[in-house]
Amino acid sequence: MIAKYTAKISGTGMYVPKKIVNNFDMEKLVDTTDEWIKTRTGMSERHFIADDQSTSDLCYEASIKAIEKSGIKAKEIDMIIVGTISGDYSFPSTACVLQKKLGLKGFPAFDIAAGCTGWIYAMSIAQQFVENGVSQNILVVGAENLTRIINWSDRGTAVLFGDGAGATIVSRADSTDISKIIDTDLTADGTYNELLIQPAGGSKMPASEKSVRENLHTIHMEGNKIFKHAVKSMYSVCDHLLKRNNLDVKSIDWLLTHQANLRIIDALGKKLKIDKKKVIINIEKYANTSAATIPIALDEAIRNKKVRRGDLVLMASFGAGLTAGGLLIRY
Ligand code: UT7
């Protein structure tokens with residue numbers, strides 16, 4: 001596709017629910033220790049959704065902030081894409097529920113199910129729609145409420161997840177803008193689709209007394225196998241983005257990857273040979289919020305004045321599917 005326009009991130013926002021559950025609280029819920037969680041994952045606490053909240057509420061709060069930051073009016077949004085695998089319903093999409101909550105209508109709104117890579121997949125789609133001139137301001141949200149589908153009988157997964165949402169406005173840039181979405185790289189290897197799965201609730205295994213009794217509506221994950229795939233696939237998308245854009249890793253100002261495990265982030269940083277000071281990490285506060293980890297960390301880094309206008313930011317994620325994706329921006 002020949003791009004008619006350039007796309008940029010014009011605003012970001014994030015929201016996490018109020019309730020904080022730390023590792024010591026987790027010790028009361030499953031057979032685990034603060035020490036194990038910290039040393040094996042880097043996590044200290046996570047936020048749990050309130051009983052009267054759902055994923056679209058998290059999206060709404062993050063979106064309001066992103067819209068405000070971007071300087072556009074809500075009615076200037078002409079597409080909504082939500083990356084989520086834990087939406088309000090199987091259908092309709094959480095994007096349509098969010099559209100209603102924002103008081104908007106009359107333009108496309110849809111969800112992307114790419115696991116933790118959902119926000120990066122959604123950003124890539126948004127980039128295409130802005131570059132080809134069809135859209136001018138797209139609201140892209142990564143949001144997840146995985147704590148409602150935790151398998152409390154599996155300590156290997158129960159401690160890993162938190163709830164939250166990160167929102168981004170992707171807008172048409174004008175000729176004076178230095179900010180731009182430079183490139184994205186998406187991939188998937190469906191051979192491994194069963195390594196990270198919610199087995200029941202879909203057409204293959206509709207809800208039944210048995211599926212509930214056997215905990216099959218919860219998260220099932222083979223963590224070890226995914227760990228290896230994570231480093232390899234994120235390295236590969238980063239390598240493609242750097243090579244395709246003739247960039248040396250030294251020119252990257254910030255590396256921001258999916259926050260699933262500190263050891264995965266460290267291993268990727270080492271493989272890429274990037275300066276440790278350039279790696280953005282917030283896993284200790286929010287744990288794994290799946291599709292929301294990167295947009296949450298990006299918003300935080302912008303508000304903390306780590307990431308500044310003009311900085312080159314390399315992002316990468318991996319997740320259920322198994323999917324992987326990279327995103328290179330000049331913020
Ligand atoms: O975002 C989506 C993608 N998902 C991921 O990125 C997850 C990737 N995988 C991982 O992050 C890691 O594999 C985990 C954090 C899930 C697990 O860490 P690990 O170092 O791979 O642990 P393990 O599964 O190999 O288990 C090692 C030991 C086992 O005990 P034994 O058999 O050696 O006695 C587990 O039973 O640690 C035990 N264990 C725990 N102990 C205390 C597992 N979970 C816990 C726990 N507390 N929560």
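Start at 1 and go down the list; that is how both ligands and their atoms are numbered.
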Discussion item. Clusters formed by hydrophobic residues whose side-chain heavy atoms approach within less than 4.5 Å: which one holds Met205, and what are its other members?
Written reply: Leu216
Worksheet entry | Validation row: Lys4, Asn132 side chains within 4.5 angstrom (heavy atoms) | no
Worksheet item: Is a salt bridge present between Arg148 and Asp163, judged by a nitrogen-to-oxygen distance below 4.0 Å?
Response: no
Worksheet item: Excluding sequence neighbours, so at least two apart, what forms salt bridge (charged side-chain N to carboxylate O under 4.0 Å, His left out) with Lys69?
Response: none
Discussion item. Residue by residue, ordered by chain and number, which ones reach under 4.0 Å of ligand 1 with a heavy atom?
Written reply: Asp31, Thr32, Trp36, Arg40, Thr41, Cys116, Arg155, Gly156, Val159, Leu160, Leu196, Met221, Gly223, Asn224, Ile226, Phe227, His258, Ala260, Asn261, Arg263, Ile264, Asn288, Phe318
Discussion item. So, using side-chain hydrogen bond (donor to acceptor under 3.5 Å, both in side chains) as the criterion, who are the partners of Thr176 when residues are at least two apart?
Written reply: Asp174
Worksheet entry | Aromatic contact, His229 with Phe318 (centres under 6.0 Å) | no
